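What follows is a set of notes on a single structure, which appears directly below.
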Amino acid sequence: MSFPLLTATAALPAIGAIATAAVPAARRTAAKWLALLFSLATLVLAAVVLVRFEPGGARYQLTESHAWIADFGVRYELGVDGIGVALLALTALLVPFVILAGWHDADPLEEVNPNRRWRPTQGFFALILMVEAMVILSFEATDVFLFYILFEAMLIPMYFLIGGFGDRAAPAQFAATAAGGGDEAAATQRSYAAVKFLLYNLVGGLIMLAAVIGLYVVAGTFSLSEIAEARANGTLSIATNTERWLFLGFFFAFAVKAPLWPLHTWLPNAMGEATAPVAVLITAVVDKVGTFAMLRFCLQLFPEASKWATPAILVLALISIIYGALLAVGQRDMKRLIAYASISHFGFIIMGIFAMTSQGQSGATLYMVNHGISTAALMLVAGFLISRRGSRLIADYGGVQKVAPVLAGTFLIGGLATLSLPGLSPFVSEFLVLVGTFSRYPVVGIIATLGIVLAALYVLVLYQRTMTGAVRAEVRTMPDLRIRELVVVTPLIALLLFLGVYPKPLTEIVNPAVEHTMSDVQKTDPKPEVEAAP
């Protein structure tokens with residue numbers, strides 16, 4: 001038996017989570033280093049997966065298949081295509097930076113009894129590693145029931161990360177309250193955000209469960225490869241109405257996770273109340289499971305229903321793009337601004353997926369990766385800024401570039417990547433999505449470009465209000481980025497620049513998988529109306 005590389009890639013952070021949680025309460029620093037080492041080891045394994053993956057090879061590679069719940073036809077089946085391996089690598093890459101950025105986020109505010117059973121620092125980093133394990137395994141799962149379990153299970157550690165380890169920089173209205181009342185109000189907001197996150201995603205998951213059961217009744221198996229093979233050779237035929245209902249059950253859950261308007265309202269609360277590293281975990285890692293699943297499951301399992309639903313989904317994606325950007329323009333809270341910007345970006349991703357063109361789907365997959373890197377860079381620098389000032393409100397800043405120029409410069413690069421400036425990696429993604437959409441749905445593509453204009457507005461206004469102008473008294477003594485913070489930000493910025501100039505390493509991996517997806521829905525790219533000159 002060959003070495004189960006995919007299982008090892010997911011098992012390593014899970015083992016790290018258990019080991020980190022078991023570290024004695026008094027050894028907080030040891031727990032941090034242990035979590036970081038496990039995350040780096042996972043990154044090494046992910047790099048091995050990336051190297052061993054052959055872009056021109058079989059659709060699913062490094063496959064594993066074992067009997068699990070035989071009576072119900074459930075198998076432990078894993079395999080990665082180009083889309084899955086790219087997102088697996090993104091997850092493994094970001095988690096070490098999340099751990100480093102949150103190095104002190106769970107430190108107790110005062111000394112605690114070393115014999116106390118609840119160890120917040122160890123728990124914080126253990127939960128991050130557990131989320132990583134579940135997300136990686138969800139990108140590898142080719143059994144629908146296995147994917148569903150992971151899709152739901154990752155909500156549990158995320159719930160505790162949001163509700164139990166919220167942002168200590170409470171908004172001004174809480175700080176203005178009496179000390180005890182302010183802490184209580186902030187805790188209430190964190191609890192509200194965590195419960196809202198959980199309820200929204202649980203409802204989506206329950207609807208998906210009904211669709212998963214329905215799929216098994218129709219197909220007799222949960223195996224993605226078996227269902228696809230049966231549909232290809234004509235031994236499995238799903239009635240049109242049945243396929244549409246099943247598609248809606250899956251898509252609803254993925255649209256909540258993505259998040260797509262109008263199922264998005266949990267995201268600004270969750271990202272606003274979570275620490276900056278956990279906010280990165282939410283939008284750059286966990287939410288990608290939703291858009292990834294649209295490509296892997298919706299289009300592959302229900303091709304006809306996907307084409308049937310495309311017009312409505314494109315309208316929802318378009319609303320997400322414009323609505324998210326407009327609300328970002330009007331935000332006073334820095335982290336909520338980034339959250340609404342992410343809603344707009346997810347609209348672009350979903351638009352690219354359902355444009356049903358190779359450029360659109362390649363751009364959407366690249367967008368998932370590049371959005372993860374750019375949002376991580378911007379949100380983590382914003383977190384460093386907030387930790388210095390103790391406020392998330394934009395109005396509490398001004399003149400930061402004069403006292404902390406490196407911090408301001410990295411913040412600017414992260415912001416410019418968010419607005420997809422040419423030369424930075426998100427530009428390639430957004431350009432491909434717009435070209436792919438315009439070639440089949442020109443009106444949708446034209447309207448979507450308004451999102452680019454609004455992105456420039458909210459990013460540049462944010463930078464102007466926080467970094468330029470007169471130096472406020474509260475930021476006059478603000479320190480610049482420290483070595484640990486530079487170690488976090490510098491590789492992310494380097495990646496934004498490298499993939500912005502040379503995206504070929506990503507496109508070579510992604511494009512063959514996109515060809516398979518286009519074949520699933522039996523779509524070809526529209527021919528240009530004007531023939532090229534000879």
Side-chain angles (χ1 to χ4, degrees), residues 28-29 32 35-36 94 96-110 120-121 124-125 128 161-162 164-175 179 182-183 186-187 189-190 193 270-284 331-339 375-415 462-463 465-467 471-490 492-493:
R28 291 195 302 271
T29 302
K32 297 175 186 179
L36 180 61
L94 290 182
F97 297 130
V98 166
I99 290 173
L100 270 176
W103 201 251
H104 298 298
D105 285 357
D107 288 349
L109 297 177
E110 56 186 21
T121 302
F124 178 75
F125 293 103
I128 290 175
L161 283 170
I162 296 168
F165 300 93
D167 193 351
R168 291 173 177 174
Q173 61 266 32
F174 296 152
D183 292 341
Q189 286 292 100
R190 290 197 297 271
M271 287 184 65
E273 299 305 322
T275 64
V278 172
V280 169
L281 205 61
I282 294 169
T283 190
Q331 286 303 305
R332 297 183 301 161
D333 185 314
M334 195 181 308
K335 290 169 69 179
R336 288 176 71 91
L337 183 152
I338 299 172
T375 299
L378 181 60
M379 178 60 84
L380 292 179
V381 176
F384 299 150
L385 180 66
I386 291 167
S387 67
R388 286 159 165 74
R389 173 68 177 83
S391 173
R392 306 197 306 253
L393 298 181
I394 297 170
D396 289 341
Y397 296 86
V400 174
Q401 67 179 10
K402 296 177 182 176
V403 297
V406 178
L407 189 155
T410 53
F411 189 85
L412 178 61
I413 295 173
L462 171 64
Y463 183 84
R465 291 178 178 174
T466 55
M467 302 296 164
V471 180
R472 291 179 63 94
E474 295 85 354
V475 304
R476 197 174 299 279
T477 58
M478 181 178 289
D480 214 333
L481 291 182
R482 302 178 178 92
I483 293 177
R484 172 179 60 86
E485 296 165 337
L486 285 171
V487 169
V488 170
V489 175
T490 304
L492 296 175
I493 292 176

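Every value quoted in this text rests on a predicted model; they were computed, and no experiment measured them. Atom set for the values below is all heavy atoms of this structure, side chains included, hydrogens, waters and symmetry mates excluded.
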- [ ] Measure the CE-CG distance between Met334 and Leu378 for me, rounded to the nearest 0.5 Å.
- [x] 9.0 Å
Open item on the list: Measuring from atom CG of Leu407 to atom CG of Leu412, what distance do you get when rounded to the nearest 0.5 angstrom?
Closed with: 11.5 Å
TODO: Only counting residues at least two apart or in another chain, list the ones meeting side-chain contact (heavy atoms from CB on, under 4.5 Å) with Val487.
DONE: Leu100, Ile483
TODO: Please round to the nearest 0.5 Å and tell me the distance separating atom CZ of Arg28 and atom CZ of Phe125.
DONE: 11.0 Å
Task: Arg476 to Val471 - nearest heavy-atom pair and separation - done: NH2-O, 3.2 Å
Open item on the list: A quick test of your reading: do over 12 heavy atoms of other residues, nucleotides or ligands sit less than 6.0 Å from CZ of Arg465?
Closed with: no
Task: Qualifying residues under side-chain hydrogen bond (donor to acceptor under 3.5 Å, both in side chains), relative to Arg388, sequence neighbours excluded - done: Glu485
TODO: State the CG-OG1 distance between Leu161 and Thr275, to the nearest 0.5 angstrom.
DONE: 7.5 Å
Task: Atom pair NZ (Lys335) and CD1 (Ile386), whose distance is rounded to the nearest 0.5 Å - done: 5.5 Å
TODO: Might you point out which heavy atoms bring Leu36 and Pro96 nearest each other, and give the distance in Å?
DONE: CD1-O, 3.9 Å
Open item on the list: Please give me the minimum heavy-atom distance between Met271 and Ala279, naming the atom from each residue.
Closed with: O-CB, 3.9 Å
Open item on the list: Against Leu380, only a single residue in Thr375, Thr410, Val98, Val488 fulfils side chain to side chain contact (heavy atoms under 4.5 Å, CB included); can you say which?
Closed with: Val488
- [ ] Provide the closest heavy-atom pair for Thr490 versus Leu486 in the form atom of the first, atom of the second, distance.
- [x] OG1-O, 2.7 Å
TODO: Starting at CG of Leu393, measure out to CD of Gln331 and round the result to the nearest 0.5 Å.
DONE: 10.5 Å
Task: Side-chain (Arg392) to main-chain (Gly272) donor-acceptor, under 3.5 angstrom - done: yes
Task: Nearest non-hydrogen partners of Val475 and Asp396, listed with the distance - done: CG1-O, 4.4 Å
